Amino acid sequence: MSYLDELNSVQREAVTAIEGPVMIVAGPGSGKTKVLTTRIAHLMNEGADSFSILALTFTNKAAKEMKERVEKIVGTEARNLYIGTFHSVFARILRYEATKLGYPANFTIYDTDDAKNLLKSIIKEMALNDTLYKPNIVYNRISSAKNSLVGPTEYQNDYNIQADDAESGRPKIGLIYEQYAKRCFMAGAMDFDDLLLKMYQLLERFPDVLHKYQHRFKYVLIDEFQDTNFAQYSIVKKLGDVFQNICVVGDDAQSIYSFRGATIANILNFEKDYPEVRVFKLEQNYRSTQHIVKAANKVIVNNKTQITKEIWTENNDGEKIKLVKAMSDNDEGRIVCDMIFEEKMQNQRSNNDFVILYRTNAQSRAFEEQLRRLNIHYVIYGGISFYQRKEIRDVVAYLRLTVNHNDEEALKRIINFPTRGIGQTTMDKAAVLASQQNVSLWTILEHVNQQPDLSRAATPIYDFVMMIKSFAVELKKQNAFDLSTHIAKASGILKELYNDKTPEGVSRYENIQALLNGIKEFTESEEVLPAIDSDTGEVLGNAEGDRDKTLAAYLQQITLLTDADKDKNDIDRVKLMTIHAAKGLEFPCVFVVGLEENLFPSMMALDSREDLEEERRLFYVAITRAKDKLTLTYAATRYKYGNLNYCEPSRFIAEIHPSNIDDSGVPKAQPKQPMMRDDYFEAPRKTIIPKVPKTDYVHNPSPDFVADDTSNIQPGMEVEHQRFGIGTIDKVEGGGYDRIVSINFQNGVGIKKIMLKYAKLHILKSISNNQ
DNA sequence: ATAAGTCATTTTTTT
DNA sequence: AATGACTTAT
């Protein structure tokens, strides 16, 4: 068995111990994924049926990678493995079993935005103080309750929880939770946490269902076990109860999701729950240089809560860790991107070798600007995902409502988009009626003729209902792609956007085309998890059509996708992402930026030792991503909400032993003094007009803003623009108010496209232009 | 009912 | 600095 030859002795033991509970504690860079994938391959080689293996991960990306690597060893048989995220696998199972819990099979999955919107409505309807009951806070309370398997009733009966809520001045959260659960149920919707909670309830209340899946999945593997919460662990424990072939892989030192309910206790308890567990510790690091490995150990040792473990490596010393102090966030961006440029030149690196890691998504901007200046291609992971764009959400809402008429959030989103004369007043009335009669909003609209209160908007409502119903009829006749295309056209969305010739409008139109292409791909993909026979629990075979490619299945899947899941590795680009998103990845050159107190560690994490330790683990994860070149940067000043703040360097820097750090390249400390906002842009010489809307995203567009003289604007002219100072017009496209100018800004901002309709440019002079 | 204009809030990470 | 909620005018 050649695949075993590639492993060291501990790894091989961990792979071949296939019966009984196993815990693998795997330090960073210790070949964790290799062990997991080889283990799966080995299971199959030893005769395990591919349908009987369940592997759970946290991200779709990890699941995909695992599947691909197993496929490399065992071939296409790997496609029948149940490898997926907790959420997607449970969503899939619930799709077949939800009717037992009273949910439709086509249930909607509410994402965080949907959930918060619903909470907002509920808080408003209950006439609660909305400065106290913020959707965010309430959502987090409910979420952590669900992650601990606490339902609305238990929530209201739990002494400790009630005491906490009373103390924070929010005693009504229990009632909101109850109402929220009811509304979700009535809408046939589950939120992310429900996928876990309902899955658990399913296994608990229906012994036959439990029996079915317990015998179906003989081998259960959990990746990133340190990130499981109580609900996830409880489900896994139930599923694996018959065969006890549970293999968990994790590293307590890399637990960074406690805000989502993850608890290291699961790792610590595993040995208690399974006394006969075999534990393997993978401590040899194959990824990083000595300096990096030693620094990582030095940092993590400051945590009290941990399984003692020290990673070591046989690799070379390598370069020391570079520490850089910048004057401001913009300066930091410039220094980092210059270093990338230099490194590329000197050592023939490709863009793919670099990653810039930060604590919060908002930090990416300075780096983007500078990378653009140097013409280095880059890609940002995370942030606003494709599926969160307005136009995509609009189309998806139509699809969701077609599949599940009771989906309240989808309904509210599109009932008047494109505008059809059904305004807020009408919808408020309908909401009151729905709650009075204890039915869904859709039911009210469906019987609009029996509702005298809604008579004014009765006709448009009737038309809308008929349209959605006509879509639903097509569900059985057309495939997901054809139907979606039909809906996008018939709903009027495509038309609305097609008429919008602004650059934004064009890109929205293209996004919708991309969404439709995605649906087409889905209907042709082999990646979809195999279907399960809901009677027997048998996984259906390979035959075409056995994979669930209905529109409903697609919708349930995309809600669980994030931007990070898209494969962006094909193009040679520098990557920018949060540290959370970087878990499991490795790069030759890593920049960890924004190392300032209150930013990293976050000021939110300075209240308790536990929180601070989690930030430290986050730092540990960040530095152990690096193979051979690691750079840490921090800024002396940073802008927030437009205000300049002074910063202290992060305590984590001080925790690294000086022998691992090279701070020779640090610019000399400057006296603290405020800097100009636009360090690299010439300040405007005079104010032109008081307000200029942002140019690449129109907040409140006003046709009143026009250029001094649009007809005169032509290439070669120098103009002044409020925020970016001075630049020359490079290109002019289109005619009339819809003309777009490309402006080459000096001092390194690069090219910016501005639509004349929305921007006012002041012409300074015309540089000689012979054309 | 809609569009434009004014005001107030913003404090992390993600399935 | 940027965005969503609220107000006013049509």
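Predicted, not measured: the structure shown is a model, and the values here were computed from it. In what follows, chains carry the letters A, B, and so on, assigned in the order in which the sequence lines appear, proteins first and then strands, with residues in each chain numbered from 1.
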Between [X] and [Y], does any side-chain donor sit less than 3.5 Å from a side-chain acceptor?
| X | Y | value |
| --- | --- | --- |
| A/Thr108 | A/Asp407 | yes |
| A/Thr59 | A/Lys64 | no |
| A/Arg616 | A/Asn303 | yes |
| A/Ser258 | A/Glu614 | yes |

Reckon [X] touches a base, only the sugar-phosphate, or nothing at all at heavy-atom distances under 4.0 Å?
| X | value |
| --- | --- |
| A/Lys134 | sugar-phosphate |
| A/Tyr257 | sugar-phosphate |
| A/Thr419 | sugar-phosphate |

Toward the 5' end of DNA chain B, by each residue's nearest nucleotide, A/Gly421 or A/Met604:
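Residue closer to the 5' terminus by nearest nucleotide: A/Gly421.
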Which is more 5' along DNA chain B, the nucleotide nearest A/Thr426 or the one nearest A/Ala362? Just name the residue.
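Counting from the 5' end, the first nearest nucleotide belongs to A/Thr426.
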Nearest-angstrom distance from the residue atom [atom1] of [X] to [atom2] of [N]:
| X | N | atom1 | atom2 | value |
| --- | --- | --- | --- | --- |
| A/Arg365 | C/dA1 | CZ | P | 10 Å |
| A/Glu224 | B/dT15 | CD | P | 12 Å |
| A/Asn361 | C/dA2 | CG | C1' | 16 Å |
| A/Arg638 | C/dA1 | CZ | C1' | 15 Å |
| A/Asp428 | B/dA1 | CG | P | 10 Å |
| A/Asp193 | B/dT14 | CG | C1' | 11 Å |
| A/Ile558 | B/dT15 | CD1 | C1' | 15 Å |
| A/Tyr639 | C/dA2 | OH | C1' | 16 Å |

Between B/dT13 and A/Phe259, is there a base-stacking contact, meaning the centre of the base's six-membered ring lies under 5.5 Å from the residue's ring centre while the planes stay under 30° apart?
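Stacked: centres under 5.5 Å apart, planes under 30°.
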Among the candidates [options], find the nucleotide nearest to the side-chain atoms of [X].
| X | options | answer |
| --- | --- | --- |
| A/His580 | B/dT12, B/dT11, B/dT14 | B/dT14 |
| A/Tyr641 | B/dT15, B/dT12, C/dA1 | C/dA1 |
| A/Thr578 | B/dT13, B/dT11, B/dT15 | B/dT13 |
| A/Thr425 | B/dT11, B/dT15, B/dA1 | B/dA1 |
| A/Arg260 | B/dT2, B/dT12, B/dT14 | B/dT14 |

Does the ring center of A/Phe225 lie less than 6.0 Å from the ring center of A/Tyr233?
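Yes - the distance between ring centres of A/Phe225 and A/Tyr233 falls below the 6.0 Å cut-off.
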Does A/Asn136 have a side-chain nitrogen or oxygen under 4.0 Å from the phosphate oxygens OP1 or OP2 of B/dT12?
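So the side-chain polar atoms of A/Asn136 never come under 4.0 Å of the phosphate oxygens OP1 or OP2 of B/dT12.
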Using the ring of A/Tyr257 (Phe, Tyr or Trp, six-membered ring only), decide whether A/Arg260 places NZ or CZ under 6.0 Å from its centre and within 45 degrees of its axis.
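Yes.
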Can you tell me how far P in C/dG4 sits from the matching atom in B/dT13, rounded to whole Å?
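16 Å, rounded to whole Å.
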